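Here's the structure, in structure tokens; my notes come after.
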Amino acid sequence: MDCLLSEEVVAEIRRSLLDWYRRNRRDLPWRREKNPYKTWVSEIMLQQTRVDTVVPYFERFMEQFPTLEALAEAPEEQVLKAWEGLGYYSRARNLHAAVKEVVANYGGKVPDDLERISKLKGIGPYTAGAILSIAYDKKAPAVDGNVMRVFSRLFALTDDIAKVSTRKKMERLAETLIPDEAPGDFNQALMELGALICSPTSPQCLFCPVLSVCDAYRLGMEEELPRKKKAKPPTEEEVAILLITCGMHFLVEKRPDQGLLAGLWGLPTIGWSDQKEMESILEFCDQKQIPATKFMIKGQFEYIFSHRHWKVTVMTVETPDTGWEVPENWKWVTKETIGEITLANVYHKALQL
DNA sequence: AAGACGGGGCC
DNA sequence: GGCCCAGTCTT
């Protein structure tokens with residue numbers, strides 16, 4: 001690796017990238033002050049999520065939980081509500097648990113060393129490096145998808161970026177490149193370059209500050225890199241989403257705290273197979289002792305998670321009154337009060353029908 | 001090493 | 001409509 005990089009190339013990359021970043025960095029809400037808590041929240045929100053999506057969530061989150069202590073004291077329901085629609089909800093639950101731990105064990109100060117910060121829930125190698133470098137000026141690599149794409153092209157690396165060994169190789173590369181003076185800016189420069197210039201498709205090479213040292217550009221293979229094994233397609237599942245009603249009221253269910261959409265509220269959902277839709281629904285109502293008087297199919301739609309593909313049937317189930325004993329973790333809501341709970345997107349979509 | 005875990009943008 | 005984006009935890 002070191003044989004790959006001459007002193008001159010290292011110096012050129014550092015200088016050009018930092019210079020470019022200081023002139024082209026986007027003005028983002030979490031970049032306005034150096035604050036480990038804000039860096040932390042922003043980095044968690046930015047995992048698998050675009051900047052444009054995160055900005056409004058981040059601003060609302062900071063209004064609601066301006067400090068680490070405020071977040072630590074908040075009820076989990078409120079934290080999940082603030083995360084509603086962002087996806088990967090375990091990020092919010094892990095962040096909340098970790099912030100509580102920082103208050104309990106570290107006097108409310110985010111640890112500034114790799115060993116301790118890495119033990120916090122939801123902080124893996126990337127986020128640890130991002131917080132340490134951006135908030136604490138430590139020379140720690142922060143290798144995300146942007147950085148792997150930039151490195152793959154800059155050094156014409158054909159390694160599969162889905163592999164752990166490739167990420168480790170990239171981290172060693174980052175360590176040799178990060179300058180002493182501005183580790184945080186340099187890491188952010190790499191990611192900003194990946195977001196703005198060295199984009200996944202049709203990179204803007206002619207505007208790239210490190211074009212002159214880019215191996216992929218020289219070899220004309222920037223569109224073929226990075227190399228990555230294809231993900232397997234999502235598995236197909238047929239489900240029925242039940243709108244169990246009584247007048248203006250309907251039932252919502254608190255989902256278990258493990259698995260899909262953990263800890264969120266949803267509508268009762270039943271998986272089924274082999275055309276046994278109605279059988280499964282009747283069996284479900286029987287088992288939950290739901291006094292159903294009328295069933296009606298309201299519509300169908302498809303909903304794709306990254307790893308599951310739901311073919312959804314939405315069905316209303318009418319019941320005579322709200323006096324019967326509802327299962328544990330269920331409750332009655334109305335159109336007016338539904339906004340108070342955190343409902344996953346797929347159920348918002350079902351309610352539109 | 002592979003699978004689980006959401007949602008959104010681009011063409 | 002089909003393609004792409006991808007950190008961390010669990011198994």
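Residue numbers start from 1 in every chain, and the chains themselves are labelled A, B, ... in the order their sequence lines are given, proteins ahead of strands. These figures come from a predicted structure and were not determined experimentally.
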In whole angstrom, give the distance that lies between atom [atom1] of [X] and atom [atom2] of [N].
X        : N      : atom1 : atom2 : answer
A:Asn345 : B:dG9  : CG    : P     : 11 Å
A:Glu223 : B:dC11 : CD    : P     : 12 Å
A:Trp310 : B:dG6  : CH2   : P     : 10 Å
A:Trp83  : B:dC5  : CH2   : P     : 18 Å
A:Ile304 : B:dG8  : CD1   : C1'   : 12 Å
A:Glu237 : B:dG6  : CD    : P     : 13 Å
A:Glu302 : C:dG1  : CD    : C1'   : 11 Å
A:Phe305 : B:dG8  : CZ    : P     : 12 Å

query = Where along nucleotides 4-11 of chain C does protein come under 4.0 Å, by heavy atom, of base (B) or sugar-phosphate alone (S), with - for untouched nucleotides?
reply = SBBBSS--
message = The test is side chain to side chain contact (heavy atoms under 4.5 Å, CB included); show your working for A:Glu325 and A:Gln289 and say whether it passes.
response = CA-CA 8 Å; A:Glu325 177 106 4; A:Gln289 303 190 353; over 6 Å; no
key: Nearest-Å distance once atom C1' is located in both B:dA2 and C:dA6   = 15 Å
Between C:dT11 and B:dG6 - P atom distance, rounded Å = 15 Å
inquiry  = Under the criterion side chain to side chain contact (heavy atoms under 4.5 Å, CB included), I'd like the reasoning laid out for A:Trp40 against A:Leu95: C-alpha separation, chi angles, the key distance, then a yes or no.
reply    = CA-CA 9 Å; A:Trp40 184 2; A:Leu95 171 65; 3.5 Å; yes
task = Determine: side-chain N/O of A:His307 to OP1/OP2 of B:dG3, distance under 4.0 Å, yes or no.
result =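 So the side-chain polar atoms of A:His307 never come under 4.0 Å of the phosphate oxygens OP1 or OP2 of B:dG3.
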task = Ignoring backbone atoms, test whether A:Lys232 places a side-chain nitrogen or oxygen under 4.0 Å from the OP1 or OP2 oxygen of B:dA2.
result =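 No.
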With a 3.5 Å cut-off and sequence neighbours excluded, list the donor-acceptor pairs that the side chains of residues 204-224 of chain A form with protein atoms.
from, atom 1, to, atom 2, distance (Å)
A:Gln204, NE2, A:Ser202, O, 3.1
A:Asp215, OD1, A:Arg218, NH2, 3.0

request  = Could you tell me whether A:Tyr57 contacts a base, only the sugar-phosphate backbone, or nothing, with contacts defined as non-hydrogen atoms closer than 4.0 Å?
outcome  = nothing
task = Remember a base hit wins even if backbone is also touched, and classify A:Ile44 as base, sugar-phosphate or nothing at under 4.0 Å, heavy atoms.
result = nothing
key: Pair A:Trp310-A:Glu237, side-chain donor/acceptor within less than 3.5 Å   =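 The criterion, which ignores hydrogens and geometry beyond distance, is satisfied for A:Glu237 and A:Trp310.
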ask   = Is a salt bridge present between A:Glu238 and A:Lys311, judged by a nitrogen-to-oxygen distance below 4.0 Å?
value =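 No salt bridge links A:Glu238 with A:Lys311.
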ask   = Less than 4.0 Å between a side-chain N and a carboxylate O, is that true for A:Asp160 and A:Lys228?
value = no
inquiry  = Using the rule side chain to side chain donor-acceptor pair (under 3.5 Å), only one of A:Arg15, A:Arg22, A:Arg23 pairs with A:Asp19; which is it?
reply    =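 Testing each of A:Arg15, A:Arg22, A:Arg23 against A:Asp19, the sole residue satisfying side chain to side chain donor-acceptor pair (under 3.5 Å) is A:Arg23.
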ask   = Mapping A:Val164 and A:Thr49 to their closest nucleotides on DNA chain B, which lands nearer the 5' end?
value =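 With A:Val164 and A:Thr49 compared, the 5'-side residue is A:Val164.
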